[in-house]
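Every chain is numbered from 1 and lettered A, B, ... according to where its sequence line falls, protein lines coming before strand lines.
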2 protein chains.
Amino acid sequence: MQTKDYKDEFKQKGLKNTKQRAAILEILQESDRPITAEQVYNELKEKNVPVNLSTIYRNFLFLCEKELVNKLALTGESSTFYEINRMVHRHYLVCLGCKKVLAIDDCPLESYEELLAEETNFVITGHKLDIFGYCADCQKKDLNEQHNKNS
Amino acid sequence: MQTKDYKDEFKQKGLKNTKQRAAILEILQESDRPITAEQVYNELKEKNVPVNLSTIYRNFLFLCEKELVNKLALTGESSTFYEINRMVHRHYLVCLGCKKVLAIDDCPLESYEELLAEETNFVITGHKLDIFGYCADCQKKDLNEQHNKNS
DNA sequence: TTGGATGCAAAAGTTTTGCACGGTT
DNA sequence: AACCGTGCAAAACTTTTGCATCCAA
C-alpha cells in the first residue's frame with residue numbers, strides 16, 4: 001500500500017517531522033479501520049520503531065488538533081479509537097459477521113441536518129453514522145450453520 | 001415528574017428490589033439525557049441515598065443485560081453514558097461547547113436503510129448516529145468571547 | 001435461611017502529566 | 001542554539017473485582 005508522506009503538512013502546521021510521528025501516521029494510513037493507541041503501539045513494536053505509549057497519545061492530541069486524525073468512541077469498547085482523516089465525508093457499513101468494513105459514498109443526512117438545525121437552534125457542524133448488518137457471505141454462512149444445527 | 005416503579009420488572013427478571021437499585025433507575029428515568037456513573041452517584045448523594053460507585057457500575061451491568069438500560073459511548077467523552085431503555089430508537093445531538101446531550105426522537109434513516117440493503121445485499125440490523133454542533137447558548141458565548149478578544 | 005446485593009478497598013486498565021534529555025530545524 | 005518532541009515514571013481517572021457483611025425474598 002502506498003502511504004503518503006506528511007512532511008509538508010507537518011511543516012505547514014508547525015509540527016516537527018520526527019521518526020515517531022511519521023511512523024504513527026503511517027500506521028494510521030495503512031489501517032482501513034479506526035485503531036487504538038495500544039494497537040498502534042504494538043504495530044510499531046513489530047516494526048522495530050521505538051516509541052512510548054505517551055508519545056502516541058500526545059501525537060494523537062496534536063494530530064487531532066491539526067485535523068489530520070479523527071478521534072472516535074465506539075459503543076462497547078473501553079478504549080478510544082483513532083483514524084486518519086481522509087478529508088472526505090464518509091460513512092461505513094460494518095459486517096457484524098466478518099467485521100468487513102464497506103465505505104458508503106453518499107450521505108443521506110444533509111437535508112435532515114438543516115431541518116434539525118431549525119428545530120433545535122443548534123449550529124450543526126458534523127455527524128457520525130455507522131451502519132451495521134450482515135454481508136451476503138455471512139448471511140449464507142449463518143444459514144449453513146443453522147442448517148447443520150438442526151440436522 | 002412521574003417515575004415508574006420497576007418492582008414487577010425486577011421480580012420477573014430475577015433481580016432483587018433494593019433501595020439502591022430502585023434509586024439508580026429512578027435517576028435514570030428522571031434524566032432526559034444519557035448520564036455517567038459519576039453523575040448518578042452525585043445525584044444520589046444529594047438525595048441522601050447512600051450508595052457506592054461500584055454498586056452503580058454493577059447495577060448498570062445487570063440492568064443492561066436485562067435491557068432495562070442502554071450503554072453508550074459518545075465521541076469526545078472519556079466516560080461511558082447510560083440511559084433508561086425507553087424502547088424507542090433514538091439519536092443524540094451533542095453540543096461541543098457545553099457537552100449537553102439532546103435526544104432526538106425521529107430518525108431519518110429508515111427508508112435509506114432499505115435502499116442501502118438493496119444496493120449492497122447486506123441485511124441491515126442497526127445503526128448508530130450522533131450529530132454534533134453548538135447549542136444556542138454556546139453560540140452566544142462564542143460571540144461574546146470573540147467580541148472581548150477584539151476589544 | 002439463603003443467595004443475591006452492597007460497601008469498602010484494592011486492582012486493573014486507560015489516558016495524562018512533570019521533568020529531564022534528545023533530536024529537528 | 002533554541003525549542004519542540006520523546007522517554008520514563010508517576011499520577012489521574014474510570015471501571016472492575018475480591019471479600020466480608022447485609023438484606024430482600
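- The phosphate of D:dG7 (OP1 or OP2) has a side-chain N or O of A:T55 nearer than 4.0 angstrom.
- Taking 4.0 angstrom as the limit, A:T80 places a side-chain polar atom (N or O) nearer than this to OP1 or OP2 of C:dT15.
- In this entry the distance linking CG of A:L53 with C1' of D:dA11 reads 15 Å, nearest Å.
- In plain terms, the two heavy atoms of B:Y82 and B:V69 that are nearest each other are CB-CG1, 4.1 Å.
- Atom-to-atom, CZ of B:R21 to P of C:dG4 comes out at 11 Å; the value is rounded to the nearest Å.
- Where B:Y82 and B:K11 meet DNA chain D, the nucleotide closest to each residue was compared, and B:Y82 sits on the side nearer the 5' end.
- Contact annotation: the side chain of B:T80 approaches that of B:K71 to within less than 4.5 Å [non-hydrogen atoms, C-beta and beyond].
- The nearest whole Å value for the distance from the CD atom in A:E38 to the C1' atom in C:dG13 is 9 Å.
- Regarding A:Q20, its CD atom lies at a distance of 13 Å from the C1' atom of D:dC4, rounded to whole Å.
- B:K66 and B:L15 get closest at one heavy-atom pair: CG-CD1, 4.0 Å.
- A:Q39 is not listed as a side-chain neighbour of A:N42, based on a closest heavy-atom distance of 4.5 Å or more.
- Judged as a ring-ring contact (aromatic ring centres under 6.0 Å, His included), and not counting sequence neighbours, A:F122 has no contacts.
- Salt-bridge formation is not detected for the pair B:E26/B:K19: no Lys NZ or Arg NE/NH1/NH2 atom is positioned less than 4.0 Å from an Asp or Glu carboxylate oxygen.
- Residue A:Q39 contributes atom CD, which lies 11 Å from atom P of C:dT14 at whole-angstrom precision.
- If you measure from atom OH of A:Y41 to atom C1' of C:dT14, you get 14 Å, rounded to the nearest angstrom.
- A cation-pi arrangement is found for B:K4 relative to B:Y6, the charged atom lying closer than 6.0 Å to the ring centre and inside a 45° cone about the ring normal.
- Distance B:K13 NZ to C:dA5 P: 14 Å, rounded to the nearest Å.
- Taking atom CD1 on A:I35 and atom P on C:dT14, their separation rounds to 15 Å, with Å as the unit.
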Please list, for nucleotides 17-24 of chain C, all pairs of protein and nucleotide N/O atoms separated by less than 3.5 Å.
residue: C:dG18; atom: O6; partner: A:R58; partner atom: NH1; Å: 3.3
residue: C:dG18; atom: O6; partner: A:R58; partner atom: NH2; Å: 3.3
residue: C:dG23; atom: N2; partner: A:K16; partner atom: NZ; Å: 2.7
residue: C:dT24; atom: O2; partner: A:K16; partner atom: NZ; Å: 3.1

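- Listed pair B:N52 / C:dA9 fails the phosphate criterion, with no side-chain N or O lying under 4.0 Å from OP1 or OP2.
- Each of B:G14 and A:K7 has a nearest nucleotide on DNA chain C; the 5'-most of these lies closest to B:G14.
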